[in-house]
2 protein chains.
Amino acid sequence: MIDKLDFLLALARERHFGRAAETCGVTQPTLSAGIKQLEETLGVLLVNRGSRFRSFTPEGERVLDWARRIVGDVRALREDINALRHGLTGRLRIAAIPTALAMVASLTTPFRARHPNVQFTLLSRTSIEVLNALDNLEIDAGITYLDNEPLGRVNAIPLYRERYRLLTSTGSPLGDRTTVTWPEVAQVPLCLLTPDMQNRRIINRLLNRTGAEIRPMLESNSMIVLFSHVRTGKWASVMPAKLAETLGLTQTLRAIPIVDPDEVHTVGLVVPQREPMTPLTAALVAEAQRLAPTLAD
Amino acid sequence: MIDKLDFLLALARERHFGRAAETCGVTQPTLSAGIKQLEETLGVLLVNRGSRFRSFTPEGERVLDWARRIVGDVRALREDINALRHGLTGRLRIAAIPTALAMVASLTTPFRARHPNVQFTLLSRTSIEVLNALDNLEIDAGITYLDNEPLGRVNAIPLYRERYRLLTSTGSPLGDRTTVTWPEVAQVPLCLLTPDMQNRRIINRLLNRTGAEIRPMLESNSMIVLFSHVRTGKWASVMPAKLAETLGLTQTLRAIPIVDPDEVHTVGLVVPQREPMTPLTAALVAEAQRLAPTLAD
DNA sequence: AATGTTTGATTGAATTTTCCTATCGGTGAT
DNA sequence: ATCACCGATAGGAAAATTCAATCAAACATT
């Protein structure tokens, strides 16, 4: 039963029988039969199929809700008992929004000092993807904005507040100012994240208020790309203060506070709402709670 | 996996491999093998066995905690989908403390009017047994004291407050009074519940304060026994006002308020803390919430 | 101390379930 | 019209589950 529910979760992730089967380590007929068996024991159609996967039925969505919880709890049970035997081991899968990627190190490093046998998988994702992945049990924890999208069934631990800086070089336009305003920023050619990123949407909103049209000279879904471009001294970007500091400022590379509407957004750790938490998640939350005060501005 | 966890729950209830197997509808070797397989996949001993069942290991208790939740959720899933298909059907298993048994009818009757296809199983249990049965998924809901024992992981809906009355007949000692005090009650030969019942322990406490020794003339774990004795006109008892009224007073059979310390205890519905609740449980809770105001004194 | 009973583990065979390979039928795209 | 893709189906091999029968140990009774 549990493996069948696992099949269903994989299908929800992949929306494709073949690929879902692959991620489950079984063949496609096996997964098909598993779903079919679920449908038979429950007595309802769960998946609308044409010649391919179309969608879940309302009942399917309902079963998915339970499956997320049940499969999650079974994994938690395994992890829990494992922790009793061998201390904290295993792998923590964490997804973070691009602007938070650099700060993950300040969470993982002290964690590793405390629990040396835990391995990490760190993924860059959009804020929406983070929440979806959390739902689908693809990741154990996420780092994302806490105050924009509705978060769903998660626990959130605030970590820091994002304040925006114009990242540019001395000698460039605005490069020698001590503060700038959003209307001024709107006049500069910028390197920005792609529009599927919430950070970009936030910046869009701020720039739009100035009435100016936004014409980013360069878009990427990777902060490394943006930063390395700015570093050449020929480009400018907007990024959170914490991130700019972490990546490293130089004498010519400056992060200039953007004042006018000094909008801030809280970024924090989100973990599945589960009582009790898995040992790994609990340890990560504890670490985040230790870290948060040191990040306050 | 889920059936194995079910085996473990049955073992926790019965503390006996053979009987646990029977309640699961399998033979004893099957259940033994199931437990053993659980132990192997988790890599820990779950049960301390001598030549017979001794106890659960600490890890076993931990697994039990998860098993309760997981098995409960799987059942909730089944029930949930079933309700989507056929409306509310199935069986609600409710256990109540003896003094509350009579009022269950005022919960089940309007419930049945709304949901005619739901069957009931009603059990008389001590307050401790109610909570245990709730933990072990033997029952779907309980009716018990809310303000004495620690309740554990349950949701509670207060129903009414128990006030105590001396149930006796005109002509008997104290039989013609309008109120009596606990010290006076202590002087009368009484029919009381057995000491494993919390109601009895509450009454014991109240009587003890008077300094008098308690020598109940008759003990039973059934309120019907107590009531039918009092009804002969030759005995007396102490019971909650609601119960006495429900069972029916006559001209000679009187329920006399006991004043001195007018202690009250809240009785309510307790259901497993599960989000979302099973459809049956949710409907029962809704009914309880409708009923509660009408019971207020 | 001897005996009988109770209890859970073990064994071996029959059954059921699960899973894979190979293939089919249908749909949508080129 | 053809091709590529997707999910369902069929059949057979492997694995698992289950049960009846039996065993060994511990406990209770005499």
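Predicted model, so just to flag it, every value in this text is computed and none were measured. Hydrogens, waters and symmetry mates play no part in the numbers below; they use all other heavy atoms, side chains included. Chain letters run A, B, ... following the sequence lines, proteins first, then strands; residues in each count from 1.
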When the distance from [atom1] of [X] to [atom2] of [N] is rounded to whole Å, what number comes out?
X: A/Glu14; N: D/dC6; atom1: CD; atom2: P; result: 12 Å
X: B/Phe53; N: C/dT6; atom1: CZ; atom2: C1'; result: 16 Å
X: A/Glu40; N: C/dT18; atom1: CD; atom2: P; result: 12 Å
X: B/Glu39; N: C/dA9; atom1: CD; atom2: C1'; result: 12 Å
X: A/Ile35; N: C/dC19; atom1: CD1; atom2: C1'; result: 15 Å
X: A/Gln28; N: D/dA8; atom1: CD; atom2: P; result: 7 Å
X: A/Phe17; N: C/dC19; atom1: CZ; atom2: P; result: 16 Å
X: B/Glu22; N: C/dT6; atom1: CD; atom2: C1'; result: 15 Å

Is the B/Phe111 ring parallel, tilted or perpendicular to the B/Phe120 ring (thresholds 30°, 60°)?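 Ring orientation of B/Phe111 relative to B/Phe120: perpendicular.
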Closer than 4.0 Å, any side-chain N/O of [X] to the OP1 or OP2 of [N]?
X: A/Ser32; N: D/dA8; answer: yes
X: A/Thr27; N: C/dC20; answer: yes
X: B/Arg49; N: C/dA9; answer: yes
X: B/Lys36; N: C/dT10; answer: yes
X: B/Thr30; N: D/dT18; answer: no
X: B/Gln37; N: D/dT17; answer: yes
X: B/His16; N: C/dT6; answer: no

Categorize A/Arg15 for me: base, sugar-phosphate, or nothing, with a 4.0 angstrom heavy-atom threshold over every strand shown.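 No contact.
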Any base atoms under 4.0 Å from B/Arg19, or only sugar-phosphate, or nothing? Heavy atoms, all strands.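 No contact.
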[Y] versus [X], side-chain donor and acceptor atoms under 3.5 Å:
X: A/Asn82; Y: A/Arg78; answer: no
X: A/Asn48; Y: A/Thr57; answer: no
X: A/Asp73; Y: B/Trp66; answer: no
X: B/Arg91; Y: B/Thr121; answer: yes

I want to verify a distance call: between C/dC20, D/dC27, D/dT18, whose nearest atom is closest to the A/Val26 side chain?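 Between C/dC20, D/dC27, D/dT18, the one nearest the side chain of A/Val26 would be C/dC20.
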Nearest listed nucleotide, side chain of B/Lys4, among C/dA9, D/dC6, D/dT17: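 My answer, after comparing the listed nucleotides, is D/dT17.
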For A/Pro29 and for B/Gly25, find the nucleotide of DNA chain D with the closest heavy atom, then tell me which residue's nucleotide is more 5'.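 It is A/Pro29 whose nearest nucleotide is closer to the 5' end.
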